[in-house]
Protein chains: 2
Amino acid sequence: MDIAHRTTDQQTPAEQRRRELLEAADRVVLRDGPKASMNAIAAEAGITKPILYRHFGDKGGLYRALATRHTDALLASLRASLDAPADRRRRVEATLDTYLASIEAMPQVYRFLMHPAEESHQTEQGFDVGRHSAPLLRRMGEELGQVIAERVDLGPAAEAQARIWGHGIVGMMHAAGDWWLGERPCSRAELVKSLADLLWGRLAEADDRPGGPGF
Amino acid sequence: MDIAHRTTDQQTPAEQRRRELLEAADRVVLRDGPKASMNAIAAEAGITKPILYRHFGDKGGLYRALATRHTDALLASLRASLDAPADRRRRVEATLDTYLASIEAMPQVYRFLMHPAEESHQTEQGFDVGRHSAPLLRRMGEELGQVIAERVDLGPAAEAQARIWGHGIVGMMHAAGDWWLGERPCSRAELVKSLADLLWGRLAEADDRPGGPGF
DNA sequence: AGCATGACGTTACTTGCGGTAACAGCAGTC
DNA sequence: GACTGCTGTTACCGCAAGTAACGTCATGCT
């Protein structure tokens, strides 16, 4: 009685098993969202709970492993867009579009990554507030900040500025994408163009409207 | 035996009670974060669970009531900054600063509003993905989009553009603020200035750095 | 061979939370 | 005085996370 067909024989059975479990978990999370239960995941994998716990420690561990996989994949495609040989505006638009296309194609994955619904029975309160935010946003922000620092000449205090911009731009992309995905008020291309325009300072350039409210 | 000192006698006991319960819940959520249990909240209010459920239906109802209170408060102060009589750059900076000052002053509240950790025992999967995002972001985005549409002359397709920008800018502010609150890499004033600079198109103006990586 | 180690797997349990009966006191009110 | 409606209670259900204790088979060491 052998396993039906293993993808590659070139790795330890433990790693192989872990991959299988992660893939099963993936299927369940894609189907049920972040509220997928450990029982359900175990059942999907054809086993029972304690094995999951032996492999991943706790639910957070499993989810972290899943998130890392997807995050890595998304970051890889973003890096590709960021590294395309074109002028800055083109690269920015390509990156925005890549991100939006990804979340559009896999909304469940996106939702899982952004709202992990964490819970640790013993979180200390107070100082490390922001830590619970979706780690994907942080990673993307840091990454983009680094790219900006490398490529754009920002004068003094460039380092700090670049990081701020990285996180800010990622947040802009994320929030706009989240809203767009829910309401679909326009095409993806329009959204990309509008966001790029925003980054290109069109808010500052535009005139006031006649008869402003404050006067 | 009278209640110690009631704020106003001008309301029905039911409303009065509801306010008291919400204040107790507030205290617990501020102390324990979003994972505060209904038991704990009930205990803090000096009563037991079923009363909470009679007043708020379920946990989501209570949290929604709490969130609405805080969201309204934050939006009110943001509107004040947005309406200050000054030029656009000043208003933008004032609004950013107001937001950041708020989350800096009440990080627990902020965390609660942004990560409600919702759960409904019967969520349908698929179409309404983004719905679970923090409603505060949506409200702020819509609000800002409206303000932009009212005040800024954007030519054709102004409506759509303004909403996109509203959500985008709010997302930028949020993500940058979240990161900043966690790492405190610079002063609030510096963060405000950098973000305003980003919105003012300094990313587009800046030169490439000598020796870009692509070539 | 004999035996220890350790991965894989199970059943059955504990704990804790959201949520819900079912019941008890105590207004007002016709 | 009984009816209504509010306050409050204890005690329970269902369910999910996480754990304990046990069984089983392969491997490798002496």
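The structure presented is a predicted model; accordingly, all values stated were derived computationally and were not measured. Here is how names work: the chains are called A, B, and so on, in the same order as the sequence lines, proteins then strands, and each is numbered from 1.
Summarising the geometry, the separation between CZ on B/F56 and C1' on C/dG18 is reported as 16 Å, rounded to the nearest angstrom. In this structure, CE of B/M38 is placed 20 Å from P of D/dG14, rounded to the nearest angstrom. One atom, NZ of A/K59, and another, C1' of D/dG18, lie 12 Å apart when rounded to the nearest Å. What separates CG of B/N39 from C1' of D/dT9 is a distance of 13 Å, to the nearest Å. At whole-Å resolution of the value, CZ in A/R18 and C1' in C/dC8 are 16 Å apart. Atom P of nucleotide C/dG18 and atom CG of B/L62 are separated by 11 Å, given to the nearest angstrom. Atom NZ in B/K35 sits roughly 16 Å away from atom P in D/dA17 (whole-Å rounding). To the nearest angstrom, P of D/dG18 lies 16 Å from CD1 of A/I51.
A heavy-atom distance below 4.5 Å is found between the side chains of B/L21 and B/I47. Between A/H167 and A/M140, every side-chain heavy-atom pair lies at or beyond the 4.5 Å cut-off.
In this structure, A/T48 reaches the C/dT10 phosphate: one of its side-chain N or O atoms is under 4.0 Å from OP1 or OP2.
One finds no salt bridge joining A/E93 and A/R90 here, because no Lys/Arg side-chain nitrogen approaches an Asp/Glu carboxylate oxygen to under 4.0 Å.
Because its NZ or CZ atom is not both nearer than 6.0 Å to the ring centre of B/W165 and within 45° of the ring axis, B/R163 does not count as a cation-pi partner of that residue. Under the 6.0 Å distance and 45° angle rule, A/R188 does not count as a cation-pi partner of A/W180.
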Sort me out a list of protein N/O and nucleotides 19-23 of chain D N/O pairs below 3.5 Å, or just none if empty.
none

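When the nucleotides D/dA16, C/dC17, D/dT7 are ranked by their closest atom to the side chain of B/S37, C/dC17 comes out on top.
Residues satisfying the salt bridge (Lys or Arg N to Asp or Glu O under 4.0 Å) test with A/R64, not counting sequence neighbours, are none.
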